[in-house]
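For this chain, numbers begin at 1 and follow the sequence in order. Remember, predicted model here, so these are calculated numbers, not experimental data.
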Amino acid sequence: MTATSTTSTPTTTSTAAQPASSSGEGRVPRTYHVRTLGCQMNVHDSERMAGLLESAGYRRAQDVPEAVARATPAGDGGADVVIVNTCSVRENAATRLFGNLGQLAAVKRERPGMQIAVAGCLAQQMGQGIVERAPWVDVVFGTHNLDVLPALLERARHNEAAAVEIEESLQVFPSTLPTRRESAYAAWVSIAVGCNNTCTFCIVPSLRGRQRDRRPGEVLAEIEAVAAQGAIEVTLLGQNVNSYGVGFGDRGAFARLLRAAGAVEGIERVRFTSPHPAAFTDDVIEAMAATPTVMESLHMPLQSGSDRILRAMRRSYRSERFLGILERVRERMPRAAITTDIIVGFPGETEEDFAATLEVVERARFASAFTFEYSPRPGTPAADLVDQVPQEVVKERYARLDELVRRITHEENTAQEGRVVEVLVAEGEGRRDAATARVSGRAADNRLVHVALPAGLEAQDRAGGAPRPGDMVTVRVTHGAPHHLIADSAQCGEPLSAQQAAVNAALAPGDRVWLDDGPALFEVRRTRAGDAWERRQAEACAAPEPDTAPVAIGMPTIRLGAPGSR
């Protein structure tokens, strides 16, 4: 059944310039900006929204200097259309959304023709309620009908009233829609949407629906397409990614898909997220270990180390099974970096239950952990349980867990010192790169690595040897910090003078140069992905023809890359 409404609440949208079209000679395209809140699936959906808008003639605000110049601290990007893609997993999701919308309202009053759209899980959950609380919002649509975005924007503009459209079941698989990928070198590829689990704390199944799998051929065709465009890394996405195949009755489908994805020409790294421990089988471990391009990194959500709490959560595994999976993964991949999710303060959690979680964390030796204070989500079974843990107890336990996780993460990162790693250089991973003369990216095990450039080499001097985003750099880890690795091996081999050492020691740890006794090591491998990034930069700087705009298609015709290029 479809829940569709167009509110009578007038908006402040005017009939300003529409997206460029063949009938609009000389017309300037309208710009868009997507703000993504939440998980990787939201990021995937945002890329589809961007693709739909570009197919309809809109341009990214960041590619239009006039838009960039009028951007405000409200996070509007200077765009004519701002889409907020929401998450509803955390308790403060609604508070955060309406805080953002309040800031955008002030911008909209000063920008004729501006439109605001709200999408994602919170939109699916609240629907018309968003417009009732924020009547300046123009469009609300949910997780099941991304494809209607351009039409809803036009309807709201034409009617000068908010357009709200929420579908109760998936209408179009998001991966079939046009896309504008955020990265030229790495791609999210959805293999399934929805979830068949009934975890008592989770709102996702009611907002994303039951699991629906894509056919293996469709997934592989998309991976081949992004490889042809220059990407060298893909991450397979699903709410319960290792349950892939249940829709067409093949329990071994995910392991085979991993092997097939890893064999696609041009792809150098394959990752996946997030698996469920209850469905994690040894054939997946074997596929990971036997496929060189499948990375030695694994995100395995624990949620709790107490078997009693796991039962209350309806997590159909127990702590020993969870630890057994980690043991078998490390037997086959000794250097695997394993990360996790943990919830503190689930209803009924006792001090004994919490102690069991601390024990499992100590034994598991996670490379990092995403830790959360339990927050009741309306519509979930756990929200109605009477034995809610007092907030002050939750916060005290959270602080103890956080301290333990930080200690173990730091110890595990320190153990990486001296290790030679290949880092895929990325954009936006190192917020202080400009100040510290470093570039940043991910090692094969997905650890964040900040890499020093050789003395005298500027990050922008790519002709002189600086790596581009998408290129690979081989370096040696010289320092394990609490949340990342530092690889300053490019500057090793020449000891600092006494004065230089004193100045260096006085700096904050993140600004300091970390040298070891090894020789200098900094080897750049220019890749097809770096070429793709460079092409995209050139395209962004080139103005489109007056009545055309760039169009990006989600699954384009596959073309061969340059012979021998990597």
(request) Indicate whether the side chain of Asp307 and that of Ser319 have a donor and an acceptor atom separated by less than 3.5 Å. (result)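 Yes, side-chain donor-acceptor contact under 3.5 Å.
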Given 3.5 Å as the limit, does a donor-acceptor pair link the side chain of [X] with the main chain of [Y], or not?
{"X": "Asn242", "Y": "Val284", "value": "no"}
{"X": "Arg397", "Y": "Gly345", "value": "no"}
{"X": "Arg315", "Y": "Cys199", "value": "no"}
{"X": "Arg30", "Y": "Gly113", "value": "yes"}
{"X": "Ser183", "Y": "Tyr185", "value": "yes"}
{"X": "Gln124", "Y": "Glu167", "value": "yes"}
{"X": "Thr200", "Y": "Ala312", "value": "yes"}
{"X": "Thr86", "Y": "Ala119", "value": "yes"}
{"X": "Asp213", "Y": "Ala192", "value": "no"}
{"X": "Thr340", "Y": "Met300", "value": "yes"}

Between [X] and [Y], is any pair of side-chain heavy atoms under 4.5 Å apart?
{"X": "Cys87", "Y": "Asn42", "value": "yes"}
{"X": "Pro376", "Y": "Tyr374", "value": "yes"}
{"X": "Leu53", "Y": "Ile83", "value": "yes"}
{"X": "His276", "Y": "Gln239", "value": "no"}
{"X": "Ile223", "Y": "Leu236", "value": "yes"}
{"X": "Arg109", "Y": "Trp136", "value": "no"}
{"X": "Val193", "Y": "Thr143", "value": "no"}
{"X": "Leu52", "Y": "Tyr58", "value": "no"}

Measuring from atom [atom1] of [X] to atom [atom2] of [Y], what distance do you get when rounded to the nearest 0.5 angstrom?
{"X": "Asn197", "Y": "Met313", "atom1": "CG", "atom2": "CE", "answer": "13.5 Å"}
{"X": "His44", "Y": "Thr36", "atom1": "NE2", "atom2": "OG1", "answer": "12.5 Å"}
{"X": "Ser297", "Y": "Met288", "atom1": "OG", "atom2": "CE", "answer": "6.5 Å"}
{"X": "Arg180", "Y": "Arg59", "atom1": "CZ", "atom2": "CZ", "answer": "10.0 Å"}
{"X": "Asp353", "Y": "Thr350", "atom1": "CG", "atom2": "OG1", "answer": "3.5 Å"}
{"X": "Ile116", "Y": "Asn100", "atom1": "CD1", "atom2": "CG", "answer": "10.5 Å"}

(request) May I ask you to decide if the ring planes of Phe254 and Phe272 are parallel, tilted or perpendicular, using 30° and 60° as cut-offs? (result)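 Rings of Phe254 and Phe272: perpendicular, over 60°.
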(message) Let's go through Tyr244 and Gln211 carefully: what are the C-alpha distance in whole Å and the side-chain angles of both, what is the deciding distance for side-chain hydrogen bond (donor to acceptor under 3.5 Å, both in side chains) to 0.1 Å, and is it a yes or a no?
(response) CA-CA 9 Å; Tyr244 176 75; Gln211 181 170 324; over 6 Å; no
Using every non-hydrogen atom in the two residues, find where [X] and [Y] come nearest and quote the distance to one decimal.
{"X": "Leu122", "Y": "Ile130", "result": "O-CD1, 4.2 Å"}
{"X": "Ile166", "Y": "Gly142", "result": "CD1-N, 3.6 Å"}
{"X": "Gly252", "Y": "Asp283", "result": "CA-OD2, 3.9 Å"}
{"X": "Pro301", "Y": "Pro275", "result": "CD-O, 3.3 Å"}
{"X": "Asn85", "Y": "Gly120", "result": "OD1-CA, 3.2 Å"}
{"X": "Val139", "Y": "Ala156", "result": "CG2-CB, 4.1 Å"}

(message) side chain to side chain contact (heavy atoms under 4.5 Å, CB included) for Glu54 and Tyr32? Distances and angles first, verdict last.
(response) CA-CA 9 Å; Glu54 294 202 0; Tyr32 74 89; 2.8 Å; yes
(request) Evaluate the criterion side chain to side chain contact (heavy atoms under 4.5 Å, CB included) for residue pair Met126 and Val118; output intermediate values, then yes/no. (result) CA-CA 10 Å; Met126 293 187 67; Val118 179; over 6 Å; no
(request) Please name all residues satisfying side chain to side chain donor-acceptor pair (under 3.5 Å) with Thr235, sequence neighbours left out, ordered by chain then number. (result) none
(request) Report the residues that fulfil salt bridge (charged side-chain N to carboxylate O under 4.0 Å, His left out) with Asp402, sequence neighbours left out, ordered by chain and then residue number. (result) Arg406
(request) For Val81 and Thr31, run side chain to side chain contact (heavy atoms under 4.5 Å, CB included): C-alpha distance rounded to whole Å, both residues' side-chain angles, the deciding distance at 0.1 Å, then the answer. (result) CA-CA 6 Å; Val81 174; Thr31 56; over 6 Å; no
Closer than 4.0 angstrom, basic N to acidic O: yes or no for [X] and [Y]?
{"X": "Glu154", "Y": "Arg157", "answer": "yes"}
{"X": "Asp80", "Y": "Arg70", "answer": "yes"}
{"X": "Arg181", "Y": "Glu233", "answer": "no"}

(message) Within a 6.0 Å radius of atom CZ on Arg321, are there more than 12 heavy atoms belonging to other residues, nucleotides or ligands?
(response)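 Yes - once you tally the heavy atoms of other residues, nucleotides and ligands closer than 6.0 Å, there are more than 12.
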(request) Look at atom CD of Glu427 and say whether more than 12 heavy atoms of other residues, nucleotides or ligands are closer to it than 6.0 Å. (result) yes
(message) Assess the residue pair Asn240 and Asn196 against the criterion (side chain to side chain contact (heavy atoms under 4.5 Å, CB included)); give the C-alpha distance rounded to whole Å, side-chain angles, the decisive distance to 0.1 Å, and a yes or no.
(response) CA-CA 8 Å; Asn240 183 7; Asn196 293 341; over 6 Å; no
(message) Please enumerate all residues that pass ring pair (Phe, Tyr, Trp, His ring centres under 6.0 Å) together with Phe370, with sequence neighbours excluded.
(response) His299
